[in-house]
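Down below is the structure, laid out as structure tokens.
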2 protein chains.
Amino acid sequence: MLLLLQSLAHLGIHLPMITIKDIARELGLSISTVGRALTDHPRISRETKERVQEAAERLGYVANTAARVMRGGSSHLISLLVPDIRSEFYSMVAHILSTGFESEGYHLTLSITDDDPNREMQQMRELMSARVAGVVIVPSANPRRETAEMLSKIPHVQLLRRIASLGDWFGLDDEQAIVDAANHLIGLGHKKIAYIGDNTFPTGKARYKGFRRAMTEAGLKIDDSLVLLGPPELKFGTEAVHKLVQGRKPATAIITGAVLVTLGVAEQLSKLNVKVPNQISIVGFGDGPWQRWWGPGLTTLKLPIEEITTGCALWLLHRLKTSRQQGKDPHIAVSPTTLVIRNSTAAPKSTRVLR
Amino acid sequence: MLLLLQSLAHLGIHLPMITIKDIARELGLSISTVGRALTDHPRISRETKERVQEAAERLGYVANTAARVMRGGSSHLISLLVPDIRSEFYSMVAHILSTGFESEGYHLTLSITDDDPNREMQQMRELMSARVAGVVIVPSANPRRETAEMLSKIPHVQLLRRIASLGDWFGLDDEQAIVDAANHLIGLGHKKIAYIGDNTFPTGKARYKGFRRAMTEAGLKIDDSLVLLGPPELKFGTEAVHKLVQGRKPATAIITGAVLVTLGVAEQLSKLNVKVPNQISIVGFGDGPWQRWWGPGLTTLKLPIEEITTGCALWLLHRLKTSRQQGKDPHIAVSPTTLVIRNSTAAPKSTRVLR
DNA sequence: TTAGCCTGCGCGAACGTTCGCGCAAAATGC
DNA sequence: GCATTTTGCGCGAACGTTCGCGCAGGCTAA
């Protein structure tokens with residue numbers, strides 16, 4: 001019989017799944033006894049438990065999660081919502097979360113929002129429908145009100161970006177990061193510093209604020225024609241370099257305020273054959289594999305992704321275990337970035353102009 | 001009442017979910033009528049459907065997926081099992097699948113196997129328990145028999161790697177890829193070609209076979225001391241370069257047979273300050289962002305990941321729709337790689353020795 | 001000896017949804 | 001004007017699991 005079933009399976013015929021009912025019939029026990037035996041209930045004798053275990057394995061029983069969830073249990077599903085999993089940062093986040101949750105009996109599902117508020121909302125609806133146990137989200141720029149409402153109904157943690165009306169959040173000290181970058185350049189003697197960054201996300205605004213603060217505190221004037229703000233995309237980075245070159249403005253250094261912008265700027269500088277750091281210095285945002293390869297090695301802000309992701313995971317697990325009310329004593333963690341100094345920054349050789 | 005509930009939600013109190021029962025009570029209809037109205041049953045009047053729709057939105061109803069699944073429906077969950085999501089290839093796969101499935105009403109879940117057969121099996125167990133609709137898997141090196149058995153019970157597609165006993169598979173023409181790489185070098189005049197590659201996976205063995213074939217067909221002798229086989233890891237790549245250097249063997253070119261090995265070899269060549277392509281030529285495996293940045297630009301085999309992933313997604317969706325027996329007319333697609341020629345390969349300058 | 005407790009197990013309801021069946025009333029066919 | 005179909009909706013079972021409750025039989029304590 002069992003052999004027959006197996007050979008059927010091998011032919012690709014989808015079999016009806018084995019349930020505890022089948023085990024009960026096989027052993028002449030009641031359904032509830034089998035159920036309790038499988039969940040290691042104290043009121044079941046060791047002998048019965050062993051018999052049930054054996055039969056379960058022999059028949060290839062796998063518990064039906066759906067039924068368990070419907071009884072009011074948790075789905076043991078935690079969902080990660082990110083704009084784009086191809087990003088080295090978000091894929092790192094996914095990896096850490098997946099392995100971290102697995103050891104606690106949770107499973108990670110993945111939702112791509114593409115930074116589209118509508119898609120984000122649609123994804124959240126599906127997750128609510130699936131009764132996920134928890135959510136880790138990197139919110140889009142302008143989340144829908146409904147998205148925030150749904151989030152508020154279940155355990156969740158926000159990563160990097162933040163919806164102000166919600167509680168728990170693990171992020172970076174965006175403002176201080178750029179302050180550090182600017183101070184590094186200022187310390188080298190730079191005065192004409194260009195800033196190419198994002199102004200669509202709150203995080204981007206905080207970084208730009210950091211740039212202004214550092215310049216002001218150093219007593220330097222900010223040349224608005226050297227400040228290029230746009231979306232945090234590769235394309236904007238390349239275009240910004242073009243503008244900087246065409247404007248023939250005297251910049252001796254560049255700070256980039258977003259990961260993809262850094263990539264675009266670096267790519268374009270290479271393409272235009274600009275000598276770094278001789279002609280111009282550059283401090284990037286975000287460290288990874290390619291920053292070591294690029295040109296002379298890119299001085300850049302290393303983001304503590306592993307740390308905040310791990311913190312995120314632990315905190316969410318804590319929330320799930322204690323199942324306390326969200327919103328009470330929200331956990332807000334702001335982690336510092338680290339400036340990794342390579343060879344893309346040096347003292348300005350002269351008042352040479354980037355052209 | 002509704003306002004009260006909403007404010008409670010805002011305080012983070014987890015509410016009991018709204019069900020069709022609640023809607024039925026609200027409208028004075030039966031449960032089944034509400035159910036049918038929501039699924040657009042033809043036997044329900046347009047007017048009733050509109051009333052139900054309105055009430056559902058007003059109360060914030062979200063269908064309980066678990067209940068639907070338990071009735072025998074599909075979970076609309078498709079799972080991706082990969083060794084490591086941080087890989088640029090697998091994260092690309094995840095992105096394509098997630099967006100592709102979403103438009104068809106499916107949702108992607110992510111499982112990291114870490115190339116560990118036991119972890120892979122454990123993940124598969126969970127997926128069976130969750131009654132996922134389908135699976136896309138990059139199998140580990142030596143999958144457990146139980147893993148294959150479980151896979152055979154549900155719609156699935158294998159990607160890149162392959163368990164021979166299972167049907168559908170989308171992969172690369174690994175053997176021909178390395179043949180192309182070797183022929184490129186042979187065409188440039190190279191005779192002493194080193195091969196650094198994997199021999200633990202079937203795909204790795206196929207690539208090595210390609211190397212032997214190309215050399216033999218060109219009438220060249222294979223120097224076994226220039227053939228370094230090991231696990232497809234970065235570390236092995238760096239170590240292999242060390243061995244090659246210490247052996248003081250006359251190799252004028254290197255072919256790498258795995259993505260991470262390529263990374264390790266490239267990193268080590270840079271570190272040892274080996275002049276490429278003057279001292280030695282190199283053809284890498286797998287194209288991506290850093291291959292353009294590295295040194296003079298890496299000549300490499302571009303893998304058609306987008307194509308095979310898209311094919312994979314479409315085929316699985318086809319299987320899910322037609323729900324035909326798996327195993328009948330299995331779909332096996334072997335896609336060719338493309339040699340992208342950059343500046344890491346040139347004619348051998350002399351009989352110069354790598355040291 | 002009797003009252004109370006512990007052990008080991010069964011009964012049956014509940015979770016939210018879907019769907020076959022049934023049953024009126026309205027609409028149609030002749 | 002009667003028979004038949006169509007329309008619109010309700011009843012109740014089923015999916016697989018969990019869990020409160022109940023009920024024997026054996027045990028301990030007074």
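Chain letters run A, B, ... following the sequence lines, proteins first, then strands; residues in each count from 1. Values in this document were obtained by computation on a predicted structure and should not be read as measured data.
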Donor-acceptor check, side chain of B/Arg161 to backbone of B/Pro139, threshold 3.5 angstrom: yes or no?
yes
Nearest 0.5 angstrom please: A/Met121 CE to A/Thr113 OG1, how far?
13.0 Å
What do the steps show when you test B/Leu27 against B/Val52 for side-chain contact (heavy atoms from CB on, under 4.5 Å), and what is the final call?
CA-CA 8 Å; B/Leu27 298 178; B/Val52 170; 3.9 Å; yes
Does the B/Arg131 side chain pair with the main chain of B/Met128, one donor and one acceptor, at a distance under 3.5 Å?
yes
Using a cut-off of 4.0 Å on non-hydrogen atoms, how would the nucleic acid contact of A/Ser32 be classed: base, sugar-phosphate, or nothing?
base
Is B/Ala66 touching bases, backbone alone, or none of the nucleic acid, heavy atoms closer than 4.0 Å?
nothing
Leading and trailing nucleotides of DNA chain C with any atom under 4.0 Å from heavy atoms of chain B
C/dC15 to C/dG20
Any side-chain hydrogen bond (donor to acceptor under 3.5 Å, both in side chains) pairs touching residues 23-37 of chain A, not counting sequence neighbours?
A/Asp22-A/Arg25, A/Glu26-A/Arg58, A/Ser30-A/Ser32, A/Ser30-A/Thr33
Between D/dC23 (C1') and A/Arg43 (CZ): distance, integer Å
11 Å
Assign each of B/Ile31 and A/Pro42 to its nearest nucleotide of DNA chain C by heavy atoms, then name whichever residue's nucleotide is nearer the 5' end.
A/Pro42
Let me see the working for B/Phe101 and B/His76 under ring-ring contact (aromatic ring centres under 6.0 Å, His included), right down to the final yes or no.
CA-CA 9 Å; B/Phe101 288 151; B/His76 285 249; over 10 Å; no
For B/Ile44 and D/dG8, what is the distance between atoms CD1 and P respectively, to the nearest whole Å?
9 Å
Under the criterion side-chain contact (heavy atoms from CB on, under 4.5 Å), I'd like the reasoning laid out for A/Tyr90 against A/Leu159: C-alpha separation, chi angles, the key distance, then a yes or no.
CA-CA 10 Å; A/Tyr90 298 144; A/Leu159 195 61; 6.0 Å; no
Using five base pairs at each end to define the local axes, how bent is the helix from C/dT1-D/dA30 to C/dC30-D/dG1, to the nearest 10°?
30°
Which residue, B/Arg71 or A/Asn64, contacts DNA chain D at a nucleotide closer to its 5' end, judged by nearest heavy atom?
B/Arg71
Would you classify A/Arg68 as touching base, sugar-phosphate or nothing, given that sugar-phosphate means primed atoms plus P, OP1 and OP2, and contacts are heavy atoms under 4.0 Å?
sugar-phosphate
Treating A/Gln123 as the side-chain partner and A/Ile112 as the backbone partner, does any N or O pair qualify as donor plus acceptor under 3.5 Å?
yes
